[in-house]
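Structure first, commentary second.
Below, read A as the first sequence line, B as the second, and so on, with proteins coming before strands; counting in each chain starts at 1.
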2 protein chains.
Amino acid sequence: MAYRNTPEDENVAYAAYLRGEQLLQPGLLLLLARRPMHGYELIQSLNRLSFHPEECDPATVYRNLRRMEDDDLVRSEWQAGESGPARRVYHLTAEGDRLLNMMAANAQRRRKQLEAFLTLFADTRLDNGGVPSNKPPLREEETKTQ
Amino acid sequence: MAYRNTPEDENVAYAAYLRGEQLLQPGLLLLLARRPMHGYELIQSLNRLSFHPEECDPATVYRNLRRMEDDDLVRSEWQAGESGPARRVYHLTAEGDRLLNMMAANAQRRRKQLEAFLTLFADTRLDNGGVPSNKPPLREEETKTQ
DNA sequence: TCCTCTAGTTGCATCATGCATATATCTTTA
DNA sequence: TAAAGATATATGCATGATGCAACTAGAGGA
């Protein structure tokens, strides 16, 4: 059977958002689920939070926000800042909220995948102090249950 | 302070491998840490294992293996198969083994990031049944501890 | 003979990222 | 007052990885 990655079910909308391994888009939607924020503020928050690896690129954040707005996951209005230049304040749409739920489900799956990897890693290191050995093929406990 | 992603410390070697969010490369190295395998077999194993999201693209796997060989993480020899065409059998190098350790450490960090995200998600959904509300700014419990 | 499974490779389009850079406003400091 | 710096958003470009199609090729079965 040939390899195909395109999902067969018709839940293809936003598939690209669910495919991503990063927590940038989920993080943005999650923050916006708490309260409306503007881009610069979102960047600050993401950098303070522990679910983004390093400091995130502002350009990437802004571009992601615009794309999400194109896809009707968020909407924005310009708002004069109390100080500094005007801000584009984003808020979540119903669609965005639904997608956030799916992203969270995704994150759970992903966490399980990471745990499976780490378990197998620990198992591999257990009886084998770095010396290559001939492990038997994977057993059922390590079998796909996704 | 301007955004920069380039790591300042001199552990830059293989940084690209540690930056990736996917478990493809870690999975390959982990399987090879158990015993030498050829590409097709690795693909089968990855597809049976639970740490890869969907069926993985053979082309991507093969190309990753070649790149890893270029980077001296694995080495390969051709081996006549008992049946079917010849196989390129890969085994892990010392470098690859060291990188695998770093990838595992990375995976731990990412798991924590996912947990932080899921925790904040649960907290956000707790007192707020989907209705947008004005959450206060993030508190110290949600602050970066990476 | 034809088909399928096994096994590996290459080309190509696409997409997202990282980084540099540009812009504009407001505040602070020299 | 002028320069510098923080705030705030946006665009251009190179790079790199992926997804998919297509191709080669051997071995075994119908």
Over how many whole Å does the gap from [X] atom [atom1] to [N] atom [atom2] extend?
{"X": "B:Leu28", "N": "D:dA17", "atom1": "CG", "atom2": "C1'", "answer": "14 Å"}
{"X": "A:Leu65", "N": "D:dT9", "atom1": "CG", "atom2": "P", "answer": "9 Å"}
{"X": "A:Asn64", "N": "D:dT11", "atom1": "CG", "atom2": "C1'", "answer": "15 Å"}
{"X": "B:Gln22", "N": "C:dC15", "atom1": "CD", "atom2": "C1'", "answer": "14 Å"}
{"X": "A:Ile43", "N": "D:dA6", "atom1": "CD1", "atom2": "C1'", "answer": "13 Å"}
{"X": "B:Asp57", "N": "C:dT14", "atom1": "CG", "atom2": "P", "answer": "17 Å"}
{"X": "B:Leu24", "N": "D:dG16", "atom1": "CG", "atom2": "P", "answer": "18 Å"}

B:Asn64 side chain to B:Gln25 main-chain N or O, any donor-acceptor pair under 3.5 Å?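 No.
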Do B:Gln108 and B:Arg111 have side-chain atoms, one donor and one acceptor, less than 3.5 Å apart?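 Per modelled atom types, B:Gln108 and B:Arg111 side chains form a pair under 3.5 Å.
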Assess, by modelled atom type and distance only, whether the side chains of B:Thr93 and B:Arg75 contain a donor and an acceptor separated by less than 3.5 Å.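 Result is no, nothing qualifies.
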Does the side chain of [X] get closer than 4.0 angstrom to OP1 or OP2 of [N] through an N or O atom?
{"X": "A:Gln25", "N": "C:dA16", "result": "no"}
{"X": "A:Arg67", "N": "C:dA16", "result": "yes"}
{"X": "B:Thr60", "N": "D:dT18", "result": "no"}

Suppose we screen for ring pair (Phe, Tyr, Trp, His ring centres under 6.0 Å). Which residues come up paired with A:Tyr90, at least two apart in sequence or across chains?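 A:Tyr90: no ring pair (Phe, Tyr, Trp, His ring centres under 6.0 Å) contacts found.
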Flag side-chain contact, heavy atom, 4.5 Å: A:Asn101 against B:Arg125: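 Touching, per the 4.5 Å side-chain cut-off.
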Can you give one letter per nucleotide of nucleotides 6-12 of chain C, 5' to 3': B if a protein heavy atom sits under 4.0 Å from the base, S if only from the sugar-phosphate, - if neither? BSBBBBB
How would you list all residue pairs meeting salt bridge (charged side-chain N to carboxylate O under 4.0 Å, His left out) that involve residues 78-95 of chain A, not counting sequence neighbours?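 Salt bridge (charged side-chain N to carboxylate O under 4.0 Å, His left out) check on residues 78-95 of chain A returns A:Glu69-A:Arg88, A:Glu95-A:Arg98.
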